[in-house]
Structures are given as C-alpha cells and as structure tokens.
Asker: 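I have a structure here, written as structure tokens, and I will follow up with some questions on it.
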Amino acid sequence: MQYSFFLPTQVIHGENCVRDNAQLVSRLGKKALLVTGRSSAKLSGAWDDVVAVLTDAGIEYEAFTEVEPNPSLANVTAGGNRAREYQPDFIIAIGGGSPLDAAKAIATLAVNDIPADELFSNQFAQRPLPIVAIPTTAGTGSEVTPYSILTDPKQETKRSFSVPEVFPVIAFLDYRYTMGLPVSVTINTGVDALSHLVEGYLSLRATDFSSLLAQRGIELWAQCIPALKAREFSAEVRDKLLVASTLGGFTISHTGTTLVHALGYSLTYYHGLPHGHANGVLMGEYLRFTAQSTPDRVEKVLGWLGLGSVDGFIALMDQLLETKLELSEAEIGQYAQKAMKTRNISFSQGQPTEEDLRQILSASCR
Ligand code: NAP
Ligand code: FE
C-alpha cells in the first residue's frame, strides 16, 4: 500500500509555553480573531496568556466567544460573518474540540463567502487563514488534525470537512489549562482520546508511522487509569492525558476514525451523550467484533492497557462512564443505517455489515 505521512503542525509543549513563545505568534500577522466557547477559555487561564502575548507584540485582536458544544452550521456561520467583517490575518482557537473545530470552519469562511454547508465539499477558492490551537480539554486532538466536525441539523447528524490547510500551524500544549476540567469532562474527553488511539491502531489505514504514535498514546493513557478510576488528577496525569490526546490526533489525522465514531454521532445527536462518552459506550463491543478479524492487534491494545480481555475493557468503561443508555429496536436500526453511509465504516476491520452494527449497538446499549 502507498501512503504519505504528513504532520504540519508545530507542537510546543510544556508549562507556560504560550508566553514563552510569543515570537512564533507575532510572525503570523497584525490582527487576530480569538475563537472560544462561552467561558472555559478564560477560566482555564489560556485567554490571559494569549492576550498578554498579543498585547506585548502589538497585535490587534477581537473575539468570537459564542462557540457552542458540538458546533452547528449556524454557529460557524455566525463566526464566519464576524471574521469577514473583522478581516484578521490569523485565528487563535482556545478550548475543547468544539472551539478548535469551529475555528477551522471560521478560518475557511473568513476568506470564502460560501454557505457553511458548502464546507463539506472540501474545495475552496481561497486558502483558509492560519490557525493557532490551544486545547483546554485532553480529548479530541483537534489541535493536530485537518478535521472539523460540525452538527448538520438538515441531515440530523455530525459531519466533517477536512483539508490539509486547516491543520493548525501551531498547537500549544500546556496541561495547566486542563487543571480545572470537571471530572466528568475529563473522563469523557479522555475516553475520546483513547478511542482515537485504539480506532486508529485498529484502522485498515494504520501504517507503521501511525501505529507507533498510537501505541505510545495508549501506553501513556494506561498510566492514567488509576487516576481516572479515583477521579483525582495530578499535574503529571493531566500532562500525560494531554500528550496522549495529541498523539491520538496525530494518529487519526492519518487513519481516520472507524465504526465507533460513526455510530457514536447518533448517540450524541439524538441522546445528547457527550462525544467521548458515546464512543466509550461502544468501544468494548467494537473490540469484540474487531478481534474476530484481527485478534493479534486487539490483544496488543488490551495488553498496553494492562487488561486481560474485552470484558475487562467493558468493565473499565462501565466504571468510568456512569450513565447507561438503552435504545429501542427502531433506534438501533436507524443509527446502524446512518452509520453505514459514513466513510468511517470502510476504515473498520472485518467489513462490518449493517447487521454487525445493529449487534454492536444492541450489545452496548443494554
Ligand atoms: P467541548 O465541546 O469543546 O467542551 C465541552 C465542555 O467543556 C464545554 O462546556 C466547555 O466550556 C467545557 N470546557 C472546555 N475546557 C474546559 C476547561 N479547561 N475547564 C472547564 N471546562 C472546560 O468538548 P470536547 O470533547 O473537547 O470536544 C468535542 C467536539 O470535538 C465534538 O464536536 C467532537 O465531534 C469534536 N471532535 C473533533 C475531532 C477532530 O479531529 N477535529 C476529533 C474528535 C472529536 P466552553 O463552552 O465554555 O468552552
Ligand atoms: Fe472523537
């Protein structure tokens, strides 16, 4: 198989890395648009660091602070309109995956006056503006991916667009911004990171390069299991979760995600389950299914996690994710049908059929 390996994002890691690397930001231009959710950018401390850097460098800025969780097309349209009025040279995204993904859409709409649903064409006349990404959750890895996942009410699901130009140019990883994350958000986002690492490792598109990153991410994540179970997070654990999450982003930027994400989108869209939680509910049965075609690789994943079996994995997820979801037969049929239409399915091992997806859903949502 031919493949390329491309990681264009400069990753700067460590405490205080934003303020210590102001010169990298000042090279990007004289006007910045900050893109954030409603409150966590400020609460995390990242906002103050960014504003200090911009002020010292004489960079003018404005902010779009209205990104909602699981941003919709209407939400990024509002951000795009703001950007076209202000005409920034670059975008600084601060937050979880939602503001980071919204920033990719806004960076594109800033220079392309198109309806937001045309983002999914992945073809733009003008190159999106450069993006600096500062994650405040340790989950999506969006700071190093070319994906932007948006909620499309017309199609009643989440859809993604992806072009290499929306890979952030710089990702600043400072675990201190994740110290105030509530326990439930820490766990849900942490499970999302794990799902990227595991799905990426088990993807049909995995390569030696992506698998190396996935393995290291899973090993780091495994070191955090005692803290995740105890629901107490030291600085060291926060840093490990953040690095594991970025490794997950690097992994899926090459492999894509698989059937877990494809099915999980319906659990989020129709039942409001946070994204990582939705993946965590499905991952155990996905491992059982995948072990039928790729037992060696599933065994490796379980081994790196220090778990002896798929049942052990499911017990861990049950312990971490407290709420359960029960689905009706009609819901199971509908979500399996929807997932079959996604590209993610074709990246899954074992050529899953619609019936396989129904079985995974019904065994997971019991
Ligand atoms: P999120 O939706 O960005 O944030 C969830 C909640 O956590 C929000 O209420 C947010 O508040 C809050 N929060 C964020 N950082 C915080 C902090 N440091 N302290 C306290 N609260 C904080 O969650 P996410 O799981 O990181 O992102 C999920 C989105 O990413 C989904 O749309 C998913 O589909 C997408 N995703 C993208 C990729 C990719 O490759 N691009 C991969 C996987 C998932 P505020 O609203 O105030 O910010
Ligand atoms: Fe995800």
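Counting convention: from 1, in listed order, for ligands and their atoms alike. These values consider heavy atoms only, across backbone and side chains, with no hydrogens, waters or symmetry-generated copies.
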Asker: Strictly under 4.0 Å, does any heavy atom of Pro182 approach an atom of ligand 1?
Answerer: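 Right, Pro182 reaches ligand 1.
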Asker: Apart from Phe90 itself, which Ile, Leu, Val, Met, Phe, Trp or Tyr residues share its cluster (side-chain heavy atoms under 4.5 Å, direct or through members)?
Answerer: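 Joined to Phe90, directly or through intermediates: Ile12, Val18, Leu24, Val25, Leu28, Leu34, Trp47, Val50, Val51, Val53, Leu54, Ile59, Tyr61, Ile92, Ile94, Val132, Ile134, Val169, Ile170, Phe172, Tyr177.
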Asker: Distance to 0.1 Å, residue and atom name: give those for the protein heavy atom nearest to atom 22 (C) of ligand 1.
Answerer: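 The protein heavy atom lying closest is Ser40 CB, 3.3 Å.
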Asker: Looking only at protein heavy atoms, which one is nearest to atom 33 (C) of ligand 1, and what is the separation?
Answerer: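 Heavy-atom neighbour on the protein nearest atom 33 (C) of ligand 1: Lys158 NZ, 3.5 Å.
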Asker: With 2.8 Å as the limit, jot down which protein N, O or S atoms are around the Fe ion (ligand 2).
Answerer: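 Short answer, with waters excluded from the count: Asp192 OD1, His196 NE2, His261 NE2, His275 NE2.
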Asker: What is the nearest protein non-hydrogen atom to atom 46 (O) of ligand 1, stated with its residue, atom name and distance?
Answerer: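 Answer, as residue, atom name and distance: Arg38 N, 3.7 Å.
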Asker: Between side-chain atoms of residues 200-209 and protein atoms elsewhere (two or more places apart, or another chain), which donor-acceptor pairs fall under 3.5 Å?
Answerer:
from: Ser203; atom 1: OG; to: Arg205; atom 2: N; distance (Å): 2.8
from: Ser203; atom 1: OG; to: Thr255; atom 2: O; distance (Å): 3.4
from: Arg205; atom 1: NH1; to: Thr255; atom 2: O; distance (Å): 3.3
from: Thr207; atom 1: OG1; to: Phe209; atom 2: N; distance (Å): 3.3
from: Thr207; atom 1: OG1; to: Ser210; atom 2: N; distance (Å): 3.2

Asker: Measure the distances from the heavy atoms of Gly141 to every atom of ligand 1 and state whether one is below 4.0 angstrom.
Answerer: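 Outside the 4.0 Å threshold, so no.
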Asker: Does ligand 1 have any atom sitting under 4.0 Å from a heavy atom of Met179?
Answerer: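 No.
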Asker: State whether a side-chain donor-acceptor pair under 3.5 Å links Ser142 with Asp101.
Answerer: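 The answer is yes; a qualifying pair exists.
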Asker: Any idea which atoms of ligand 1 are less than 4.0 Å away from a heavy-atom of Pro69?
Answerer: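 The atoms of ligand 1 under 4.0 Å from a heavy atom of Pro69 are 2 (O).
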Asker: Suppose we screen for ring-ring contact (aromatic ring centres under 6.0 Å, His included). Which residues come up paired with Phe64, at least two apart in sequence or across chains?
Answerer: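 ring-ring contact (aromatic ring centres under 6.0 Å, His included) check on Phe64 returns nothing, list empty.
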Asker: Looking at ligand 1, would Leu43 count as a contact under a 4.0 Å heavy-atom criterion?
Answerer: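 Heavy atoms of Leu43 never come under 4.0 Å of ligand 1.
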Asker: Just jot down the ligand 1 atoms closer than 4.0 angstrom to any heavy atom of Asn70, in number order.
Answerer: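 Answer, ordered by atom number: 31 (C), 32 (O).
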Asker: What part of Glu68, side chain from CB on, backbone N/CA/C/O, both or neither, has a heavy atom under 4.0 Å from ligand 1?
Answerer: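 Glu68 to ligand 1: no contact under 4.0 Å from either part.
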Asker: If you count the atoms of ligand 1 from 1 in the order shown, which ones are under 4.0 Å from a heavy atom of Thr137?
Answerer: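 So the atoms of ligand 1 that pass are 14 (C), 15 (N), 26 (O).
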Asker: So for ligand 1, is Ser44 a polar contact partner (N or O within less than 3.5 Å, distance only)?
Answerer: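 Checking ligand 1 against Ser44, no N or O pair falls under 3.5 Å apart.
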Asker: Measure the distance from atom 2 (O) of ligand 1 to every protein heavy atom, then report the residue, atom name and distance (to 0.1 Å) of the closest one.
Answerer: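 Looking only at protein heavy atoms, the one closest to atom 2 (O) of ligand 1 is Ser98 OG, 2.6 Å.
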Asker: If we ignore angles and hydrogens, is there a donor and acceptor under 3.5 Å between the side chains of Asp356 and Thr353?
Answerer: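 Thr353 and Asp356 do have a side-chain donor-acceptor pair below 3.5 Å.
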Asker: If only side-chain N and O atoms count, and only distance matters, is there a donor-acceptor pair under 3.5 Å linking Asn279 with His196?
Answerer: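 There is no such pair between these side chains.
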Asker: Does an N or O anywhere in Thr136 fall below 3.5 Å from an N or O of ligand 1?
Answerer: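 Right, the criterion is met.
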Asker: Determine if the distance from atom 44 (C) of ligand 1 to the closest protein heavy atom is below 4.0 Å.
Answerer: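 So atom 44 (C) of ligand 1 has protein heavy-atom neighbours under 4.0 Å.
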Asker: Taking atom types as modelled, is there a side-chain donor on Gln223 or Glu219 under 3.5 Å from an acceptor on the other?
Answerer: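 Looking only at side-chain atoms, Glu219 and Gln223 do not form any donor-acceptor pair under 3.5 Å.
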Asker: Is the closest N or O pair between Asp101 and ligand 1 shorter than 3.5 Å?
Answerer: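 It does: an N or O of Asp101 is found under 3.5 Å from an N or O of ligand 1.
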Asker: Tell me whether Arg82 is salt-bridged to Glu66, with the criterion being a basic N under 4.0 Å from an acidic carboxylate O.
Answerer: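 Here Arg82 pairs with Glu66 in a salt bridge, since their nearest N and O are under 4.0 Å apart.
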Asker: Can you sort out which atoms of ligand 1 are near Gly96, meaning under 4.0 Å from one of its heavy atoms?
Answerer: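 Per the distance check, 3 (O), 26 (O).
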Asker: Quick one: do the Tyr270 and Glu156 side chains pair a donor with an acceptor below 3.5 Å?
Answerer: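 Side chains of Tyr270 and Glu156: pair found under 3.5 Å.
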Asker: Give the contacting part of Leu100 toward ligand 1: side chain, backbone, both or neither, where contact means a heavy-atom distance below 4.0 Å.
Answerer: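 Neither part.
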Asker: N/O to N/O below 3.5 Å, does that happen between Thr145 and ligand 1?
Answerer: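 Yes - when backbone and side-chain N and O of Thr145 are compared with those of ligand 1, one distance drops under 3.5 Å.
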Asker: Is there a polar contact, in the sense of an N or O pair closer than 3.5 Å, between Ser39 and ligand 1?
Answerer: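 Such a contact does occur with ligand 1.
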Asker: Check whether any N or O atom of His261, backbone or side chain, sits under 3.5 Å from an N or O atom of ligand 1, and answer yes or no.
Answerer: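 Between His261 and ligand 1, no N or O pair is found under 3.5 Å apart.
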Asker: Any side-chain heavy-atom pair from Asp239 and His13 closer than 4.5 angstrom?
Answerer: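 Of all side-chain heavy-atom pairs linking His13 with Asp239, at least one is under 4.5 Å.
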Asker: Take atom 4 (O) of ligand 1 and look for protein heavy atoms under 4.0 Å from it; say yes if you find one, no if not.
Answerer: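 Within 4.0 Å of atom 4 (O) of ligand 1, no protein heavy atoms are found.
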Asker: Kindly identify the option in Pro146, Gly97, Gly45 whose heavy atom sits closest to atom 27 (O) of ligand 1.
Answerer: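 Ranked by closest heavy atom to atom 27 (O) of ligand 1, first place is Gly97.
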